[in-house]
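Chain naming here is simple, since letters A, B, ... match the order of the sequence lines and numbering starts at 1 in each.
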Number of protein chains: 2
Amino acid sequence: MKAIVYDHPGDESVLKLGEAPDPKPGPDQLLIKVITAGINRADLMQREGRYPPPPGASDILGLECAGEVAEVGANVKGWHPGDRAMCLIPGGGYAGLAAVHFGSAIQIPKTLSDEEAGGIPEVYLTAFLNLFLIGELTKGGVALVHGGGSGVGTAAIQMLKEFGARSIVTAGSDEKCDQCLKFGADVAINYNSGPFMPKVKEATGGRGVDVVLDIVGIPYLEQNLDSLVRGGRLILVSLMKGARGEVDLSKVQRNHLRIIGSTLRSRPVEEKAAIVSNFLRQFGAALEAGRIRPPIYRTVPLAEAAQAHRMMQRSEHFGKIILRVA
Amino acid sequence: MKAIVYDHPGDESVLKLGEAPDPKPGPDQLLIKVITAGINRADLMQREGRYPPPPGASDILGLECAGEVAEVGANVKGWHPGDRAMCLIPGGGYAGLAAVHFGSAIQIPKTLSDEEAGGIPEVYLTAFLNLFLIGELTKGGVALVHGGGSGVGTAAIQMLKEFGARSIVTAGSDEKCDQCLKFGADVAINYNSGPFMPKVKEATGGRGVDVVLDIVGIPYLEQNLDSLVRGGRLILVSLMKGARGEVDLSKVQRNHLRIIGSTLRSRPVEEKAAIVSNFLRQFGAALEAGRIRPPIYRTVPLAEAAQAHRMMQRSEHFGKIILRVA
């Protein structure tokens, strides 16, 4: 099969269109003929050699894809060749074929294009897991989401609105803040115009937020803790700007805060299946009705994956950058 | 009423037996004629001016007491004058009378002496809240409890055994470790004989523990995080040796850890009532049967509160130091 391959870690110029062996689906898997694949920032880290795939996963980049079922494993029920599927995968999206555990695959509703479907699993399931299952957000609650214009950020904005919670997002420019607001965010804060915490407090009448979805790490740690209401949850999904630094535990103790680490990719397939079915129970109808769908910033041919990485690296996008594989 | 009072914060020599106005119980309160009161390390911090009582609480020391109901507030059902009660209080135990919200009072089973009863509420409810409600320990799980010979530590050892979970405790001498083991701890580690983390790993076959109940703070932070199993919970109950210092969030993220701050004293009475009733549901029968009862290190007359503080300060005790008030 065709696939994006690279000989050694490095910048986006190492990526090239090449060939890789076809994956052999196991009895619990589907073989997917990939049509589109979402680009995620984690792919850039993996390409640089800083985010190795978990044991057993494909070493090809790509954490989500959409396509058509080509083969159905012996133990898999409810799927048939030709079905449209969008899939959460621990790797292997940037390729013509992908083997996927059945619990990580979702039927694509008619309302969604292949481009949209390829940009759903990783970001919507990440936002869902962390805001609702781990963050235990309740209706009427408030979440602070960093990177409001990112894939996870836009997914969070939509789900919070659909669920009935408020969203406060940060983004790196006034223009992106405007885009977030138009997309449904309740409040958008330009993180390049001063500390965000006082603005979060102002936007909540001094109360603070119930959950912070963080991707920044140490540089935001103190402000994140100060942004939380008593009993609030800081969920660390990524630590892009630093993992080691100072913490004031007295804030955590006094305000009954929770600092919670979370990743999606490394979880066992059974946990992922539970997250997927929970997601469909809570947001399946909204997905079906087309109320939940990712904004597509650009669709790029597979062969131009390097270009797509460069685009994401520059953070010029709002929403998803999608690879068209077939 | 008589009470232990002090004119200014300081060491234990500031404490003296004096007089204080009788508390006036509100409609949701019981007035307790105090017979015994437990000493807690937090009392020493309060005496030093480092742990002020929450708004509305008595400024007299003492977070737990046992005695006899003297008056019953108009809204209170199920209590009668003369009933024996042990009570969780945000202050006021070192005195002849205490006003207590009905939801923070527990009937004293016949199996328990006044000394034992006075040493139960603060420490057993602290251990219960943090190990089970917040720590979500399940049967067969493992908890690491620092300060195994303390009031909270001994309460934790008993409840973990009764519940069917393993306890690994730390203590400051081989002698205290032996006492902890005799008292029912599964493993006891002398924290003055090298890092505890490798011993925790060894005692769990490399797995780690599900919950750490910490009272130390920064100096133990890294070892505590390294002692946890994936998804494990570090509960910060106190930060005796430091609140501000370095953290490695990548450990938290990679292993899906949770750092959780917790206090009991500052919670609203409704929350405390829920904790109490939950505790009685899970451990009421064991309490009734006498399987759960604090080891009493020493009982000291109220007038000698300074002596009791000195004893606790030296950490010579195993279990509870109790004041006899009447």
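Closest of all the heavy-atom pairs between B/Ile259 and A/Val252 is O-CG1, 4.3 Å. A pairwise comparison of heavy atoms in B/Arg230 and A/Ser266 identifies NH2-OG, 2.8 Å as the closest pair.
Of the two parts of B/Ser250, the backbone and the side chain both hold a non-hydrogen atom closer than 4.5 Å to a non-hydrogen atom of chain A. Interface remark: A/Ile218 contributes backbone and side-chain atoms alike to the contact with chain B (heavy atom separation under 4.5 Å).
Under the rule for a side-chain contact (heavy atoms from CB on, under 4.5 Å), the partners of B/Asn255 that lie at least two apart in sequence or sit in another chain are B/Leu257.
The candidate with the highest count of non-hydrogen atom pairs below 4.5 Å against chain A, out of B/Leu234, B/Leu236, B/Thr263, is B/Thr263. Of the residues considered (B/Gly217, B/Ser238, B/Gly245), B/Gly245 shows the highest number of contacts with chain A, using heavy-atom pairs under 4.5 Å.
Under a 3.5 Å cut-off, the side chain of B/Gln253 and the backbone N or O of A/Val237 do form a donor-acceptor pair.
Using a 4.5 Å cut-off on side-chain heavy atoms (C-beta onward), B/Ile134 and A/His256 make no contact. Taking 4.5 Å as the limit, some side-chain heavy atom of A/Leu221 sits within range of a side-chain heavy atom of B/Val247.
Near-neighbour residues of residues 124-132 of chain A relative to chain B, defined by a heavy atom under 4.5 Å from a heavy atom of that chain, are none.
Interatomic distance, A/Glu246 CD to B/Glu246 CD, rounded to the nearest 0.5 Å: 8.5 Å.
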